[in-house]
Amino acid sequence: MKKLLVLSTIVLLAINANAQFQKGNKLLGFGFNAGSTTVQQQNMNFTQINKEELFNLSVELGFAVRPNLVTGFYLNGGTGTLETEFRAPSSTIYTSKLQNLGGGLFIRNYKNIKGDFFVFGEARAGLSYAETKNKTTDFIELKRNNVTAGIYPGLAYKWNSRFLLELRFADLVSLNYFQQNGFNGPSAVNQKSFNIGSSLGLGYLSNIGIGARWIIK
(Lines give C-alpha, C1' and ligand atoms only; values in the text may rest on other atoms or scores of the structure.)
Protein backbone atom coordinates (compact mmCIF):
# COMPACT_ATOMS: atom_id res chain seq x y z
CA MET A 1 0.00 0.00 0.00
CA LYS A 2 2.83 2.39 0.93
CA LYS A 3 4.61 1.60 -2.34
CA LEU A 4 1.44 2.40 -4.27
CA LEU A 5 1.04 5.75 -2.50
CA VAL A 6 4.68 6.64 -3.15
CA LEU A 7 4.39 5.70 -6.83
CA SER A 8 1.16 7.72 -7.19
CA THR A 9 2.83 10.75 -5.60
CA ILE A 10 5.81 10.52 -7.98
CA VAL A 11 3.51 10.29 -11.01
CA LEU A 12 1.48 13.32 -9.89
CA LEU A 13 4.63 15.35 -9.30
CA ALA A 14 5.93 14.44 -12.75
CA ILE A 15 2.64 15.47 -14.38
CA ASN A 16 2.54 18.80 -12.52
CA ALA A 17 6.18 19.52 -13.39
CA ASN A 18 5.31 19.39 -17.10
CA ALA A 19 1.88 21.00 -16.79
CA GLN A 20 1.67 24.52 -18.10
CA PHE A 21 -1.09 25.59 -15.70
CA GLN A 22 -3.39 24.37 -12.99
CA LYS A 23 -7.09 24.29 -13.79
CA GLY A 24 -8.58 27.64 -12.81
CA ASN A 25 -5.44 29.69 -13.47
CA LYS A 26 -5.90 32.89 -15.47
CA LEU A 27 -3.59 34.26 -18.13
CA LEU A 28 -3.47 38.04 -18.47
CA GLY A 29 -1.74 40.00 -21.22
CA PHE A 30 -1.60 43.66 -22.26
CA GLY A 31 -0.35 45.42 -25.35
CA PHE A 32 -0.06 48.96 -26.64
CA ASN A 33 1.18 50.74 -29.71
CA ALA A 34 1.83 54.45 -30.19
CA GLY A 35 3.36 56.00 -33.24
CA SER A 36 3.71 59.02 -35.47
CA THR A 37 4.42 59.02 -39.21
CA THR A 38 5.10 61.89 -41.61
CA VAL A 39 5.28 61.41 -45.38
CA GLN A 40 6.01 64.24 -47.86
CA GLN A 41 5.38 63.89 -51.58
CA GLN A 42 6.51 66.40 -54.17
CA ASN A 43 4.18 66.52 -57.17
CA MET A 44 4.33 68.62 -60.32
CA ASN A 45 2.11 71.47 -59.06
CA PHE A 46 1.90 70.95 -55.30
CA THR A 47 3.45 69.35 -52.23
CA GLN A 48 1.44 66.84 -50.18
CA ILE A 49 2.31 66.15 -46.52
CA ASN A 50 0.58 63.36 -44.59
CA LYS A 51 0.93 63.23 -40.79
CA GLU A 52 -0.56 60.30 -38.91
CA GLU A 53 -0.63 59.74 -35.14
CA LEU A 54 -2.08 56.55 -33.65
CA PHE A 55 -2.48 54.98 -30.21
CA ASN A 56 -3.83 51.47 -29.63
CA LEU A 57 -4.39 49.43 -26.46
CA SER A 58 -5.27 45.74 -26.11
CA VAL A 59 -6.01 43.30 -23.29
CA GLU A 60 -6.32 39.52 -23.32
CA LEU A 61 -7.64 37.22 -20.59
CA GLY A 62 -7.50 33.42 -20.74
CA PHE A 63 -8.78 30.71 -18.42
CA ALA A 64 -7.08 27.34 -17.95
CA VAL A 65 -9.79 24.72 -18.38
CA ARG A 66 -7.18 21.95 -18.35
CA PRO A 67 -3.45 21.96 -17.43
CA ASN A 68 -2.47 22.63 -21.06
CA LEU A 69 -5.64 24.15 -22.53
CA VAL A 70 -6.60 27.85 -22.29
CA THR A 71 -9.72 29.56 -23.61
CA GLY A 72 -10.46 33.26 -23.38
CA PHE A 73 -11.21 36.57 -25.03
CA TYR A 74 -9.41 39.72 -26.17
CA LEU A 75 -10.38 43.37 -26.59
CA ASN A 76 -8.58 46.18 -28.40
CA GLY A 77 -9.23 49.78 -29.31
CA GLY A 78 -7.48 52.87 -30.48
CA THR A 79 -7.72 56.43 -31.66
CA GLY A 80 -5.69 58.78 -33.79
CA THR A 81 -5.58 61.60 -36.30
CA LEU A 82 -4.62 61.88 -39.96
CA GLU A 83 -3.67 65.31 -41.26
CA THR A 84 -3.21 65.91 -44.97
CA GLU A 85 -1.73 69.22 -46.10
CA PHE A 86 -1.59 70.47 -49.68
CA ARG A 87 0.80 73.32 -50.55
CA ALA A 88 0.22 74.85 -53.97
CA PRO A 89 1.65 77.39 -52.99
CA SER A 90 -0.99 78.32 -50.39
CA SER A 91 -1.71 75.70 -47.74
CA THR A 92 -4.91 73.66 -47.35
CA ILE A 93 -5.21 71.20 -44.44
CA TYR A 94 -7.67 68.32 -44.02
CA THR A 95 -7.85 66.61 -40.62
CA SER A 96 -9.45 63.21 -40.02
CA LYS A 97 -10.23 61.50 -36.75
CA LEU A 98 -9.59 57.74 -36.63
CA GLN A 99 -11.20 55.30 -34.19
CA ASN A 100 -11.24 51.52 -33.94
CA LEU A 101 -12.65 48.90 -31.58
CA GLY A 102 -12.49 45.11 -31.70
CA GLY A 103 -12.66 41.87 -29.78
CA GLY A 104 -12.89 38.13 -30.10
CA LEU A 105 -12.37 34.66 -28.67
CA PHE A 106 -9.41 32.28 -28.70
CA ILE A 107 -8.43 28.76 -27.67
CA ARG A 108 -4.80 27.74 -27.15
CA ASN A 109 -3.42 24.24 -26.60
CA TYR A 110 0.09 23.67 -25.21
CA LYS A 111 2.29 20.60 -25.47
CA ASN A 112 5.47 20.14 -23.44
CA ILE A 113 8.73 19.73 -25.39
CA LYS A 114 11.20 19.51 -22.53
CA GLY A 115 11.32 21.06 -19.09
CA ASP A 116 9.64 24.49 -19.22
CA PHE A 117 9.58 24.71 -23.04
CA PHE A 118 6.29 24.22 -24.89
CA VAL A 119 4.83 24.41 -28.38
CA PHE A 120 1.28 25.59 -28.83
CA GLY A 121 -1.43 25.94 -31.42
CA GLU A 122 -3.94 28.76 -31.27
CA ALA A 123 -7.25 29.36 -33.01
CA ARG A 124 -8.90 32.77 -32.74
CA ALA A 125 -11.78 34.67 -34.32
CA GLY A 126 -12.84 38.26 -33.90
CA LEU A 127 -14.78 41.30 -35.04
CA SER A 128 -13.54 44.86 -35.43
CA TYR A 129 -15.04 48.22 -36.31
CA ALA A 130 -13.23 51.36 -37.45
CA GLU A 131 -14.28 54.75 -38.73
CA THR A 132 -12.73 57.84 -40.26
CA LYS A 133 -14.42 61.24 -40.01
CA ASN A 134 -13.30 64.40 -41.75
CA LYS A 135 -15.40 67.57 -41.87
CA THR A 136 -12.68 70.11 -42.51
CA THR A 137 -13.91 71.02 -45.98
CA ASP A 138 -15.32 68.10 -47.95
CA PHE A 139 -17.43 65.66 -45.96
CA ILE A 140 -15.62 62.35 -45.51
CA GLU A 141 -16.97 59.51 -43.38
CA LEU A 142 -15.89 55.89 -43.80
CA LYS A 143 -17.04 52.97 -41.64
CA ARG A 144 -15.29 49.61 -41.78
CA ASN A 145 -16.33 46.22 -40.40
CA ASN A 146 -13.92 43.32 -40.36
CA VAL A 147 -14.36 39.64 -39.45
CA THR A 148 -11.20 37.55 -39.06
CA ALA A 149 -10.31 33.99 -38.05
CA GLY A 150 -7.02 32.13 -38.07
CA ILE A 151 -4.86 29.31 -36.75
CA TYR A 152 -1.38 30.12 -35.42
CA PRO A 153 1.53 28.03 -34.07
CA GLY A 154 4.00 29.20 -31.44
CA LEU A 155 6.62 28.50 -28.79
CA ALA A 156 6.35 29.21 -25.06
CA TYR A 157 8.72 29.24 -22.10
CA LYS A 158 7.50 29.20 -18.51
CA TRP A 159 9.95 31.62 -16.91
CA ASN A 160 8.56 31.00 -13.43
CA SER A 161 5.23 30.24 -11.75
CA ARG A 162 3.96 33.75 -12.57
CA PHE A 163 5.22 34.63 -16.05
CA LEU A 164 5.05 33.00 -19.45
CA LEU A 165 7.09 34.13 -22.46
CA GLU A 166 5.75 33.38 -25.94
CA LEU A 167 6.63 33.58 -29.63
CA ARG A 168 3.62 33.45 -31.94
CA PHE A 169 4.31 32.88 -35.62
CA ALA A 170 2.29 33.95 -38.65
CA ASP A 171 -0.96 32.21 -39.50
CA LEU A 172 -1.10 28.72 -40.93
CA VAL A 173 -4.47 29.61 -42.40
CA SER A 174 -6.64 32.73 -42.12
CA LEU A 175 -10.06 34.01 -43.17
CA ASN A 176 -10.95 37.67 -43.59
CA TYR A 177 -14.16 39.50 -44.50
CA PHE A 178 -14.04 43.26 -45.00
CA GLN A 179 -16.86 45.73 -45.57
CA GLN A 180 -16.53 49.50 -45.95
CA ASN A 181 -19.15 52.13 -46.67
CA GLY A 182 -19.69 55.85 -46.30
CA PHE A 183 -18.86 59.02 -48.22
CA ASN A 184 -15.65 60.40 -49.65
CA GLY A 185 -16.57 63.94 -50.57
CA PRO A 186 -19.48 63.76 -53.07
CA SER A 187 -18.81 60.08 -53.84
CA ALA A 188 -20.51 57.17 -52.05
CA VAL A 189 -18.22 54.31 -50.98
CA ASN A 190 -19.41 50.71 -50.79
CA GLN A 191 -16.75 48.00 -50.74
CA LYS A 192 -16.79 44.33 -49.75
CA SER A 193 -14.10 41.67 -49.90
CA PHE A 194 -13.44 38.13 -48.69
CA ASN A 195 -10.21 36.19 -48.76
CA ILE A 196 -8.66 33.02 -47.42
CA GLY A 197 -4.93 32.51 -47.29
CA SER A 198 -1.82 31.44 -45.46
CA SER A 199 1.44 33.13 -44.53
CA LEU A 200 3.50 30.01 -45.19
CA GLY A 201 6.37 30.81 -47.52
CA LEU A 202 9.92 32.13 -47.68
CA GLY A 203 9.10 35.14 -45.49
CA TYR A 204 7.19 33.19 -42.86
CA LEU A 205 9.65 33.68 -40.00
CA SER A 206 9.71 37.45 -40.52
CA ASN A 207 6.19 37.71 -39.06
CA ILE A 208 6.73 36.85 -35.38
CA GLY A 209 4.94 38.21 -32.33
CA ILE A 210 6.74 38.34 -28.97
CA GLY A 211 4.83 38.63 -25.69
CA ALA A 212 4.76 37.97 -21.96
CA ARG A 213 1.74 36.82 -19.97
CA TRP A 214 1.01 36.98 -16.27
CA ILE A 215 -0.25 33.77 -14.69
CA ILE A 216 -2.84 34.55 -12.00
CA LYS A 217 -3.51 31.71 -9.57
Side-chain angles (χ1 to χ4, degrees), residues 2-34 55-78 100-130 145-177 196-200 204-217:
K2 290 183 178 179
K3 290 183 178 179
L4 181 59
L5 289 174
V6 172
L7 180 60
S8 299
T9 302
I10 293 174
V11 171
L12 288 174
L13 289 174
I15 292 174
N16 288 333
N18 289 326
Q20 188 76 335
F21 316 104
Q22 298 296 319
K23 184 178 179 180
N25 286 170
K26 300 177 183 65
L27 222 65
L28 182 63
F30 293 97
F32 74 92
N33 177 51
F55 177 81
N56 289 281
L57 182 66
S58 63
V59 61
E60 180 179 294
L61 181 61
F63 303 88
V65 295
R66 292 206 299 265
N68 292 314
L69 184 66
V70 175
T71 63
F73 66 91
Y74 64 91
L75 299 171
N76 54 65
N100 65 82
L101 181 65
L105 303 174
F106 70 87
I107 181 170
R108 193 180 300 123
N109 190 29
Y110 295 84
K111 184 174 180 58
N112 181 252
I113 303 174
K114 184 178 180 181
D116 292 321
F117 289 91
F118 296 78
V119 294
F120 68 83
E122 177 183 286
R124 65 169 53 207
L127 304 171
S128 63
Y129 170 81
N145 296 290
N146 207 33
V147 180
T148 60
I151 299 175
Y152 308 85
L155 298 173
Y157 173 69
K158 195 172 183 180
W159 187 23
N160 55 39
S161 63
R162 291 293 184 182
F163 288 98
L164 181 71
L165 305 178
E166 290 186 351
L167 291 175
R168 197 186 79 173
F169 300 103
D171 56 86
L172 292 177
V173 62
S174 64
L175 299 171
N176 183 71
Y177 173 76
I196 179 172
S198 173
S199 294
L200 291 174
Y204 182 77
L205 294 179
S206 65
N207 192 358
I208 296 177
I210 302 174
R213 305 186 191 279
W214 181 28
I215 302 173
I216 305 173
K217 297 184 177 181

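Position 1 is the first residue of the sequence; numbering continues from there. Keep in mind it's a predicted model, so treat the numbers as computed, not measured. Hydrogens, waters and symmetry mates play no part in the numbers below; they use all other heavy atoms, side chains included.
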[Y] and [X], any side-chain heavy atoms less than 4.5 Å apart:
| X | Y | answer |
| --- | --- | --- |
| K111 | N68 | no |
| P153 | L172 | yes |
| F73 | F106 | no |
| L27 | L61 | no |
| L127 | Y129 | no |
| V59 | L28 | yes |

**Request:** Please determine which of T71, L69, V70 meets the side chain to side chain contact (heavy atoms under 4.5 Å, CB included) test together with N109.
**Result:** L69

**Asked** Can we say E166 and R168 salt-bridge, meaning some charged N sits less than 4.0 Å from an Asp/Glu carboxylate O?
**Response** no

**Request:** Measure up the Y110 and F120 rings against each other and bin them: parallel (under 30°), tilted (30 to 60°), perpendicular (over 60°).
**Result:** tilted

Could you tell me the separation between the [atom1] atom of [X] and the [atom2] atom of [Y], rounded to the nearest 0.5 Å?
| X | Y | atom1 | atom2 | result |
| --- | --- | --- | --- | --- |
| L167 | Y157 | CG | OH | 13.0 Å |
| I215 | Q22 | CD1 | CD | 10.5 Å |
| S128 | N145 | OG | CG | 7.5 Å |
| E60 | F30 | CD | CZ | 11.0 Å |
| I196 | L175 | CD1 | CG | 4.5 Å |
| W214 | I216 | CH2 | CD1 | 4.5 Å |

**Residue F32 excluded, over 12 heavy atoms near CZ under 6.0 Å** = no

**Request:** Return yes when atom CZ of R66 has more than 12 non-hydrogen atoms of other residues, nucleotides or ligands closer than 6.0 Å, and no otherwise.
**Result:** no

For [X] and [Y], which heavy atoms make the closest approach, and how far apart are they?
| X | Y | value |
| --- | --- | --- |
| D171 | S198 | OD1-CA, 3.5 Å |
| L105 | Y74 | N-CE2, 3.8 Å |
| N112 | G115 | ND2-O, 2.8 Å |

**Request:** Under the side-chain contact (heavy atoms from CB on, under 4.5 Å) rule, what do F169 and L155 come out as? Steps first, then yes or no, please.
**Result:** CA-CA 8 Å; F169 300 103; L155 298 173; 4.0 Å; yes

**Item:** N56-N100 side chain donor-acceptor pair, cut-off 3.5 Å
**Value:** yes

